[in-house]
Amino acid sequence: MKRALLIAFVLAASAAQAQTNPFAHTQAAVDEGRSLYNSTCTSCHGANGAAGEFGPGLAIPGRSYARRSDAQIFDAIQHGIPGTPMPAHQGKLTDDRIWKIAAYVKGLRGTAIDAPSPGDAAAGEAVFWGKGACGTCHMVKGRGSIVGPDLSNLASLRKINSIVDALTKEQHRVFGPGGAQPHLLTPLQTYPVVRVTTADGKTVRGVLRNEDSFSLQVMGLDEQLHLHAPSKVKVVYEPKGLMPTDYDKRLSKAEFDNLLAYLTRLGMPSQASAASVRMPGGPERD
């Protein structure tokens with residue numbers, strides 16, 4: 001009897017694994033999946049898969065996932081996960097809706113380009129170069145400043161949560177796989193601001209690029225690289241960086257959402273998404 005049950009379980013698992021998501025790599029489905037996730041899943045798993053009060057994060061960098069494929073995610077949502085608080089949604093959500101949530105969750109596990117934030121990206125681009133003044137430090141596709149990092153491939157490298165945190169928080173926080181137990185995320189790269197005063201009284205303010213016992217390299221706000229001998233200048237290290245972290249207050253909600261829509265589309269889409277084509281009279285298919 002046990003052997004028969006084991007065989008049945010293996011066959012069922014194999015069948016689930018063989019299923020393919022009919023909505024994979026379709027942006028409209030990912031957008032609908034986001035809406036369904038926000039209304040159904042955030043109370044446990046948190047916004048953008050960052051972890052909530054009761055459930056683990058579904059899109060945490062570096063985490064190993066037992067359910068990686070669309071089919072495995074679909075199965076967990078449809079049937080629940082025995083021995084955990086994860087309930088079954090079969091009968092509560094149609095299969096199509098579950099597949100769309102699975103497509104969204106799968107996108108979250110990539111970078112922002114795989115599940116970009118909703119909004120008007122064209123309006124967000126106008127905010128970037130206008131009211132947001134992002135181009136005074138950053139470059140995108142050859143336009144802008146070289147003082148800060150180039151953002152042309154931002155969404156291919158960073159997750160949505162990371163981009164939101166950079167815009168709104170002085171200290172970025174992430175959640176561990178056990179739920180809402182925050183710890184500080186070690187910065188990937190820092191851009192300390194310094195003010196250098198030379199012997200003749202000239203002052204240069206900018207971003208410290210390199211420093212050792214013999215040389216000091218500063219990318220000035222004038223977009224020039226300044227080289228100094230540390231022993232011959234006075235250096236003041238400023239406590240805050242140039243990057244504002246209150247864009248959620250500087251901008252209206254619509255402006256912020258549109259800026260995020262623009263930033264989360266800066267980059268190259270994943271190979272699977274790039275391979276999607278629109279068939280005449282039908283949805284996008286691989």
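Any value given below was found using the heavy atoms of this structure, including those in side chains, with hydrogens, waters and symmetry copies removed.
Of the possible donor and acceptor atoms, one in the side chain of Tyr247 sits under 3.5 Å from a partner among the backbone N and O of Gly132. Formation of a donor-acceptor pair under 3.5 Å by the His89 side chain with backbone atoms of Ile77 is found in this model. Ser152 places a side-chain N or O within 3.5 Å of a backbone atom of Lys141 that can act as its donor or acceptor partner. A donor-acceptor pair under 3.5 Å is absent between the side-chain atoms of Arg143 and the main chain of Met139, judged by distance alone. Without hydrogens or angle criteria, Asp212 side chain to Ser215 main chain gives a donor-acceptor distance under 3.5 Å. Panel note: side chain Asp120, backbone Ala123; a donor-acceptor pair is recorded below 3.5 Å. Looking at Asp75, its side chain never comes within 3.5 Å of a backbone N or O of Ala71 through a donor-acceptor pair.
Contact of the Thr136 side chain with the Ser145 side chain is not registered, since no non-hydrogen atoms from C-beta on lie closer than 4.5 Å. Between Val235 and Leu216 the shortest side-chain heavy-atom distance falls below 4.5 Å. Residues Pro244 and Arg250 meet the side-chain proximity criterion, which asks for heavy atoms closer than 4.5 Å. Side-chain contact check for Thr197 versus Val233: every heavy-atom pair is 4.5 Å or farther apart. Side chains of Lys234 and Val196 form no contact here, defined as non-hydrogen atoms less than 4.5 Å apart. Annotation: side chain of Glu125 is not in contact with side chain of Arg265 (no heavy-atom distance under 4.5 Å). Side-chain contact between Phe74 and Asp95 is present, with at least one heavy-atom pair separated by less than 4.5 Å. Taking 4.5 Å as the limit, some side-chain heavy atom of Met243 sits within range of a side-chain heavy atom of Leu167.
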Inset, instruction - Verify side-chain contact (heavy atoms from CB on, under 4.5 Å) between Trp129 and Val140, making sure each step is shown before the conclusion. - result: CA-CA 10 Å; Trp129 297 112; Val140 173; 4.1 Å; yes

Inset, instruction - Begin with the C-alpha distance, continue with both residues' side-chain angles, and end with the deciding distance and a verdict on side-chain contact (heavy atoms from CB on, under 4.5 Å) for His45 and Met86. - result: CA-CA 10 Å; His45 293 292; Met86 177 67 185; 4.2 Å; yes

Inset, instruction - Begin from the C-alpha positions of Thr264 and Ile113 and carry the test side-chain contact (heavy atoms from CB on, under 4.5 Å) through to its verdict. - result: CA-CA 6 Å; Thr264 57; Ile113 198 74; over 6 Å; no

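Side chains of Ser162 and Asp165: a donor-acceptor N/O pair is absent below 3.5 angstrom, by distance only. No hydrogens or angles considered: nothing links the side chains of Thr94 and Asp96 as a donor-acceptor pair under 3.5 Å. With 3.5 Å as the limit, one finds no donor-acceptor pair spanning the side chains of Asn38 and Ser35.
Between Cys134 atom SG and Leu151 atom CG the span is 8.0 Å, to the nearest 0.5 Å. The OG1 atom of Thr168 sits 9.5 Å away from the CG atom of Asp246 when rounded to the nearest 0.5 Å. A distance of 5.0 Å separates OG1 in Thr40 from CD1 in Ile101, rounded to the nearest 0.5 Å. Atom CG of Leu242 is separated from atom NE2 of His138 by 9.0 Å, given to the nearest 0.5 angstrom. Here the CD atom belonging to Gln90 is positioned 4.5 Å from the NE2 atom belonging to His79, to the nearest 0.5 angstrom. For the atom pair OG1 (Thr198) and NZ (Lys232), the distance works out to 12.0 Å, reported to the nearest 0.5 Å.
Criterion: ILVMFWY side-chain heavy atoms under 4.5 Å apart, direct or through other members. Under it, Ile163 and Leu157 are not part of a common hydrophobic cluster. Transitive grouping of hydrophobic side chains (ILVMFWY, heavy atoms separated by less than 4.5 Å) keeps Val236 and Leu227 in distinct clusters. Follow the hydrophobic side-chain contacts under 4.5 Å out from Ile73 and you reach Ile81 in the same cluster. Hydrophobic clustering places Tyr104 together with Leu36 (ILVMFWY residues linked when any side-chain heavy atoms are closer than 4.5 Å, directly or through intermediates).
What you find for Leu208 and Glu211 is that their closest heavy atoms are CD2-OE1, 3.6 Å. Minimum heavy-atom separation, Ala261 to Pro118: CB-O, 3.8 Å. For the pair Leu260 and Ser117, the tightest heavy-atom approach, listed with the atom from each and the gap, is CD2-OG, 3.5 Å. Heavy atoms only, all atoms of each residue included: Ile160 and Ala112 are closest at CG1-CB, 3.8 Å. Gln217 and Leu225 get closest at one heavy-atom pair: CB-CD1, 4.4 Å.
We find that Arg205 and Glu238 are joined by a salt bridge, their nearest charged nitrogen and carboxylate oxygen being less than 4.0 Å apart. A salt bridge links Asp257 to Lys253: one of the charged nitrogens lies within less than 4.0 Å of a carboxylate oxygen.
Few gaps surround NZ on Lys131; more than 12 heavy atoms of other groups in view lie less than 6.0 Å from it.
Between Tyr262 and Phe128, the angle of the ring planes goes over 60°, which puts this pair in the perpendicular group of the 30/60° scheme.
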